[in-house]
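First the structure, in the form of structure tokens, and then the observations on it.
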Amino acid sequence: PGGTEPYPYGTVYAANFLFEAKKAGYPVPESSIEKLKPYLQSLLQSDQDDSLRAYAGYVLALSGTYNVPLAKKLMEKLEGFSRYYAVATLAMSGDMDTVKDYIYARSPNLGKVRRNTYGYLSSDVIAEAVVLNALVDIDVKLPAVESLVAGLLNKAKYNGHWGSTHDNGQVLVSLGK
């Protein structure tokens, strides 16, 4: 609030929720969607962090715009949960052969995800929610889906919510599918 510099991650995050709301049937002004697309496209071509570029590509894919070559490159290059943004982008584009080769060849191994509260926001909760979101879009019957749901619900067991507003948002979108 009050800043004058753009915050690319914040814009991608906000766009993610606008596009998900539209996909779920909520009224979202088309002008808002159309204004966001060129910005997201510019992030794909930028020298931003590859994790942010994968996230921007995923959000663009929610609007029906796919950059399949970049998604394939990032799927191979990235490690951890950010890779699943690229996997989900490929799934939405219809490239299920690549996706199935990837998904069925390995189970999600996220390792320890450090909470980052500046720049590219991350936490173990966000990581699990992103993977769950991607897997549910691909095949809700994948074995990892049930364990991810149980793990996320367990993390909110003690205080009724996850660690941050960002965690809450990502989890609720994933569980809402």
Nearest-0.5 Å distance that lies between atom OG1 in Thr98 and atom CD in Glu76: 9.0 Å

Rounded to the nearest 0.5 Å, what separation is found between the OG atom of Ser63 and the CG atom of Leu18? 11.5 Å

Measure the shortest side-chain to side-chain distance between Leu172 and Trp162 over non-hydrogen atoms and say whether it is less than 4.5 angstrom. yes

Euclidean distance, His161 NE2 relative to Asn168 CG, rounded to 0.5 Å: 7.0 Å

Test Leu44 against Leu60 for side-chain contact (heavy atoms from CB on, under 4.5 Å), laying out the working first. CA-CA 10 Å; Leu44 297 183; Leu60 254 166; 3.6 Å; yes

Which heavy atom of Pro8 sits nearest to which heavy atom of Gln48, and what is that distance? CG-NE2, 3.8 Å

Could you check whether any side-chain heavy atom of Glu30 comes within less than 4.5 Å of a side-chain heavy atom of Lys22, counting everything from C-beta outward? yes

Among side-chain atoms of Asn16 and Tyr55, is any donor-acceptor pair under 3.5 angstrom? yes

Residue pair Leu78 / Arg53, side-chain heavy-atom distance below 4.5 Å: no

Distance check, rounded to the nearest 0.5 Å: Leu43 atom CG versus Tyr39 atom OH? 4.5 Å

Heavy-atom closest pair (Phe17 atom, Gln170 atom, distance to 0.1 Å) is CZ-N, 3.9 Å

OG (Ser82) and CG (Leu74) are apart, to the nearest 0.5 Å, by 9.5 Å

Going from CG on Leu90 to CE on Met75, what distance comes out if it is rounded to the nearest 0.5 angstrom? 6.0 Å

With the side chain counted from C-beta on, respond yes when Val12 and Leu40 share a heavy-atom pair under 4.5 Å apart, and no when they do not. yes

Take Gln41 and Thr65, measure what side-chain contact (heavy atoms from CB on, under 4.5 Å) needs, and give me the verdict at the end. CA-CA 9 Å; Gln41 286 281 14; Thr65 302; 3.3 Å; yes

Any Asp167 side-chain heavy atom under 4.5 Å of Lys155 side chain: no

Do the non-hydrogen side-chain atoms of Leu62 and Lys23 ever get within less than 4.5 Å of each other? yes

Side chains of Tyr66 and Asp95: any donor to acceptor distance under 3.5 Å? no

Between Leu135 and Ala144, which heavy-atom pair has the shortest distance, and what is it? CD1-CB, 3.8 Å

Should the ring pair Tyr13 and Tyr9 be called parallel, tilted or perpendicular, given that the plane angle runs from 0 to 90° and is split at 30 and 60? parallel

Please check if the number of heavy atoms outside Asn154 that lie under 6.0 Å from its CG is greater than 12. yes

Using the rule given for side-chain contact (heavy atoms from CB on, under 4.5 Å), can you reason through Asn133 versus Tyr84, listing the C-alpha separation, both sets of side-chain angles and the distance that settles it, and then say yes or no? CA-CA 9 Å; Asn133 197 7; Tyr84 284 86; over 6 Å; no

Give the C-alpha distance, both sets of side-chain angles, the deciding distance and a yes or no for side-chain contact (heavy atoms from CB on, under 4.5 Å) between Glu20 and Tyr26. CA-CA 9 Å; Glu20 286 284 2; Tyr26 291 93; over 6 Å; no

Can you tell me if Lys35 has over 12 outside heavy atoms packed within less than 6.0 Å of its NZ? no

Is the closest side-chain heavy-atom distance between Thr11 and Leu36 below 4.5 Å? yes

Contact check, side chains of Leu132 and Leu175, non-hydrogen atoms, under 4.5 Å: yes

